[in-house]
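Numbering starts at 1 and runs along the sequence shown.
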Amino acid sequence: QVQLAESGGGLVQAGGSLRLSCAASGTVATIDIMGWYRQAPGKQREWVAGVTGGGYRNYLDSVKGRFTIARDNAKNSVYLQMNSLKPEDTAVYYCYIAAPDLHWGQGTLVTVSS
């Protein structure tokens with residue numbers, strides 16, 4: 001069974017930074033894609049960023065240039081560095097992995113105050 005443990009959420013002022021971490025444990029097969037989704041209050045969950053096993057990264061347009069995704073294959077971990085945060089980035093952030101089935105973290109709340 002695969003478990004994902006997230007950390008790093010919190011309250012930050014607009015313009016600030018946070019770094020989210022997510023580590024996979026348990027019986028983890030080869031991980032293909034790792035990434036992040038988010039769900040803002042009253043909105044549907046949206047994909048934020050992903051990174052393939054080969055290191056290809058992709059981002060939601062609204063976070064390009066502000067967020068950076070990285071992975072550490074030795075630690076089965078994925079990270080999301082979030083800079084220049086905006087109030088509209090406020091959401092619960094969920095990490096996911098495809099190994100090959102999809103697995104989800106429990107979510108970590110990011111609140112950006114104006």
Side-chain angles (χ1 to χ4, degrees):
Q1 188 173 0
V2 177
Q3 293 181 334
L4 301 182
E6 299 161 347
S7 61
L11 173 64
V12 64
Q13 289 188 333
S17 298
L18 284 174
R19 184 175 185 255
L20 306 183
S21 300
C22 174
S25 62
T27 306
V28 182
T30 301
I31 300 176
D32 184 12
I33 299 172
M34 308 182 80
W36 297 87
Y37 272 75
R38 68 185 181 187
Q39 187 165 17
K43 295 187 177 181
Q44 291 187 331
R45 189 176 296 192
E46 67 176 352
W47 172 83
V48 176
V51 55
T52 68
Y56 176 77
R57 307 175 187 181
N58 203 6
Y59 300 92
L60 178 69
D61 283 347
S62 63
V63 308
K64 284 181 180 177
R66 300 189 298 121
F67 290 10
T68 302
I69 190 169
R71 64 188 283 170
D72 184 334
N73 293 326
K75 296 181 179 180
N76 287 334
S77 294
V78 62
Y79 310 94
L80 188 68
Q81 177 66 43
M82 305 185 294
N83 299 328
S84 302
L85 282 161
K86 303 176 180 180
E88 52 263 43
D89 295 318
T90 294
V92 177
Y93 285 71
Y94 300 88
C95 69
Y96 71 94
I97 66 170
D101 295 339
L102 278 178
H103 301 276
W104 295 89
Q106 78 285 358
T108 186
L109 178 62
V110 172
T111 303
V112 184
S113 62
S114 57

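The shortest heavy-atom contact between Asp72 and Tyr79 is CB-CE1, 4.0 Å. The shortest heavy-atom contact between Tyr94 and Gly105 is CD2-O, 3.7 Å. Of all non-hydrogen atoms in Trp47 and Leu60, the two that sit nearest each other are CZ3-N, 3.4 Å. The two residues Val110 and Gly9 have their closest heavy-atom pair at CG2-CA, 4.2 Å. When every heavy atom of Val12 is checked against every heavy atom of Gly16, the shortest pair comes out as CG2-CA, 3.8 Å. Across Leu4 and Cys22, no two heavy atoms sit closer than the pair CB-SG, 3.9 Å.
A salt bridge (Lys or Arg N to Asp or Glu O under 4.0 Å) check over residues 101-112, counting only residues at least two apart or in different chains, returns nothing.
Two different hydrophobic clusters hold Tyr56 and Ile97 under the rule that ILVMFWY side chains link at heavy-atom gaps under 4.5 Å. Taking hydrophobic clusters as Ile, Leu, Val, Met, Phe, Trp and Tyr residues chained together by side-chain heavy-atom distances below 4.5 Å, Val63 shares a cluster with Val51.
Every residue two or more places apart in sequence or in another chain that forms a side chain to side chain contact (heavy atoms under 4.5 Å, CB included) with Ser84 is listed here: Arg66.
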Leu85 vs Phe67, side-chain contact (heavy atoms from CB on, under 4.5 Å): CA-CA, chis, key distance, verdict: CA-CA 9 Å; Leu85 282 161; Phe67 290 10; 3.8 Å; yes
Report all side-chain donor-acceptor pairs from residues 23-42 shorter than 3.5 Å, counting only partners two or more places apart or in another chain.
residue: Arg38; atom: NE; partner: Glu46; partner atom: OE2; Å: 2.7
residue: Arg38; atom: NH1; partner: Asp89; partner atom: OD1; Å: 3.0
residue: Arg38; atom: NH1; partner: Tyr93; partner atom: OH; Å: 3.0
residue: Arg38; atom: NH2; partner: Glu46; partner atom: OE2; Å: 3.1
residue: Gln39; atom: NE2; partner: Lys43; partner atom: O; Å: 3.1

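Within the 4.5 Å cutoff, side-chain heavy atoms of Arg19 are placed close to those of Ser21.
One distance of note links NZ of Lys86 with OG of Ser62; it measures 7.5 Å at 0.5 Å rounding. Going from atom OG of Ser113 over to atom CG of Leu11 covers 5.0 Å, rounded to the nearest 0.5 Å. Between atom CD of residue Gln81 and atom CD1 of residue Ile69 there is a gap of 12.0 Å, rounded to the nearest 0.5 Å. Note that OG1 of Thr52 is 10.0 Å distant from CZ of Arg57, once rounded to the nearest 0.5 Å.
Remark: side-chain polar atoms of Thr90 are paired, donor with acceptor, to backbone N or O of Val112 under 3.5 angstrom.
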